[in-house]
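Below you'll find the structure, written out as structure tokens, and then a few comments.
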Amino acid sequence: MDPSSRVELLPYLWDAQAGYGWLLLCRSFLKSNSSPVMESPSTSAEEEEEPMPDEIVLVEKKLPDGMIEQIVFSSGGDVDIYDLQALCDQVGWPRRPLTKVAAALKNSFMVAALHLIRKSPDTEGYDQKVLIGLARATSDHAFNATIWDVLVDPNYQGQGLGKALVEQLIRALLQRDIGNITLFADNQVVDFYKNLGFEADPDGIKGMFWYPRKERKMTNFWTFLHVYR
Amino acid sequence: MLIPLGATSLRLRPSLHRPSRLFCGRSPSFSSENLPIFVQNLGTSGQNPSVSSQIETPFQSPLISGQNLSIFSQSLTISDQELASRGFIVHHNAENLDPDDLNSVFVKVGFPRRQKEKIVKALDNTPSLIWIEDTRSKKLVAFARATGDDIFNAIIWDVVVDPSFQGFGLGKAVMERLLKGLLEKGIVNIALYAEPGVLGFYRPLGFAADPDGIRGMVYSRRKKKKQ
């Protein structure tokens with residue numbers, strides 16, 4: 001393989017029905033203390049799927065200097081709040097108190113992240129790890145989940161990473177047997193989520209907010225995804 | 001498409017509706033005079049909601065902030081004492097809540113019956129909930145809960161009133177108390193999903209549908225487009 005070629009793994013991810021054939025193309029790094037065990041699939045699951053690993057390599061690229069660059073999806077919630085603050089700065093979101101952000105992440109059912117990792121091919125660890133995407137879901141652990149705060153670093157937008165991020169988050173939620181996945185989408189990103197399988201106002205059911213104000217749109221982080229093209 | 005479990009909020013049996021409840025009032029304008037009674041008496045000098053109170057962080061200040069809540073007064077439409085005099089006790093946690101009671105009310109209002117273990121798990125992982133007990137039958141007659149990260153966001157689910165007890169203001173009572181509890185925690189980003197017939201119930205409480213074009217969306221496996 002040409003050393004400078006880029007392995008595009010994303011095309012294989014789009015159809016969740018395709019099963020896990022694409023997993024063969026990914027190297028997944030199972031943490032030693034992680035357990036990919038989910039609850040046993042419910043009878044409502046459409047296909048029998050193996051449990052998702054905590055981390056999935058979405059894209060891998062060999063750089064001219066021999067280093068390897070990967071974009072890794074993780075649902076284990078390993079997000080540094082300072083990294084997150086830097087990412088929010090990148091997309092232009094106003095800052096929120098760090099203690100509150102930390103508590104909100106801790107109280108979230110699932111925090112999914114995209115990291116850019118640079119490492120040399122022969123070592124196990126990594127030299128550089130940068131947070132470039134985030135999505136989180138709150139849930140009652142049984143019936144409903146709601147997705148919030150979906151964002152991707154503007155430098156990495158346009159590659160389908162936002163789509164991959166949300167798709168993987170949905171898969172992880174479905175594997176945890178959460179049947180009702182919801183979100184609130186700004187007008188500009190409604191189509192983005194429709195393409196991912198979301199329906200707006202199903203059966204005429206409307207999303208309502210308590211005394212919403214225009215400023216709140218950005219400060220309280222509706223699901224505003226800057227990736228939308 | 002089947003309505004997803006828990007997607008809907010308030011469920012009232014149509015035959016027991018009083019016509020006034022279905023009247024869809026105008027959307028609330030964002031001035032303090034239109035706020036629900038229990039929020040008006042906050043002592044914020046009735047300022048326009050867009051004026052922020054003193055907050056040290058650059059975080060946008062909502063009308064209800066942590067500082068103001070210390071003077072939060074108990075101005076609910078129906079007070080706890082009034083409810084008690086009518087034989088209703090308000091509970092703020094799931095300690096004595098019988099999941100089977102809750103399930104039977106769900107069924108009475110048209111929700112599908114849910115697995116008891118899942119209800120228990122959901123209640124364990126729900127940071128805010130209110131339920132009203134009828135002292136005569138010792139049964140749950142009204143319920144509402146809110147999930148979320150307990151810091152920034154909350155979503156209200158499963159607002160139900162036993163059909164035999166509808167029309168007494170119990171739905172409003174649980175909603176006002178749930179909202180009050182969320183505001184006291186400093187959560188102002190409060191959302192819910194409402195069936196078309198109950199938008200008029202939520203509007204007087206301060207809710208607006210699709211503000212600024214924001215749409216509520218639900219994931220549907222059957223509708224997922226293949227790439």
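Because only heavy atoms are used, hydrogens play no part in the values below, and waters and symmetry mates are left out as well, while side chains stay in. Just so it is clear: chains get the letters A, B, ... in the order the sequence lines come, proteins before strands, and each one is counted from 1.
- Annotation for B/G216 and A/P202: closest pair O-CD, 4.5 Å, computed over non-hydrogen atoms.
- Residue B/I155 touches chain A through its side chain alone, counting heavy-atom pairs closer than 4.5 Å.
- The shortest side-chain heavy-atom distance between A/K106 and B/D149 does not fall under the 4.5 Å cut-off.
- Taking the six-membered ring for Trp and the full ring otherwise, B/Y193 and A/F184 have centroids separated by under 6.0 Å.
- To the nearest 0.5 Å, atoms OG1 (B/T147) and NE2 (A/H141) are separated by 10.0 Å.
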Requested in this report: Under the side chain to side chain contact (heavy atoms under 4.5 Å, CB included) rule, what do A/T182 and B/Y219 come out as? Steps first, then yes or no, please.
Outcome: CA-CA 6 Å; A/T182 65; B/Y219 182 73; over 6 Å; no
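- Rounding to the nearest 0.5 Å gives a distance of 9.0 Å between CE of A/M208 and CG of B/D210.
- Under the 4.5 Å side-chain criterion, counting only non-hydrogen atoms from C-beta, A/F143 is in contact with B/I119.
- The shortest non-hydrogen separation linking A/P212 to B/P211 is CG-CB, 3.3 Å.
- By the 4.0 Å N-to-carboxylate-O rule, A/D140 lies close enough to B/R145 to be salt-bridged with it.
- The closest donor-acceptor contact from the side chain of A/W210 to the backbone of B/L192 lies at 3.5 Å or more, if one exists at all.
- Contact annotation for A/L174: only side-chain heavy atoms (C-beta onward) come within less than 4.5 Å of a heavy atom of chain B.
- A/F198 is not listed as a side-chain neighbour of B/V218, based on a closest heavy-atom distance of 4.5 Å or more.
- Interface remark: A/L173 contributes no atoms to any contact with chain B (heavy atom separation under 4.5 Å).
- When side chains are defined from C-beta on, B/M217 counts as touching A/K194, because their heavy atoms get closer than 4.5 Å.
- Atom CG of A/N144 is separated from atom OG1 of B/T126 by 8.5 Å, given to the nearest 0.5 angstrom.
- Contact check for B/V188 versus A/Y211: no side-chain heavy atoms found under the 4.5 Å cut-off.
- For the pair B/N189 and A/F209, the minimum side-chain heavy-atom distance is below 4.5 Å.
- Counting only heavy atoms from C-beta outward, the side chains of B/F152 and A/V101 approach each other to under 4.5 Å.
- To the nearest 0.5 Å, atoms NZ (A/K206) and CD (B/E195) are separated by 14.0 Å.
- Contact check for B/I151 versus A/K100: side-chain heavy atoms found under the 4.5 Å cut-off.
- Using a cutoff of 4.0 Å between basic side-chain nitrogens and carboxylate oxygens, B/K118 and A/D177 are scored as salt-bridged.
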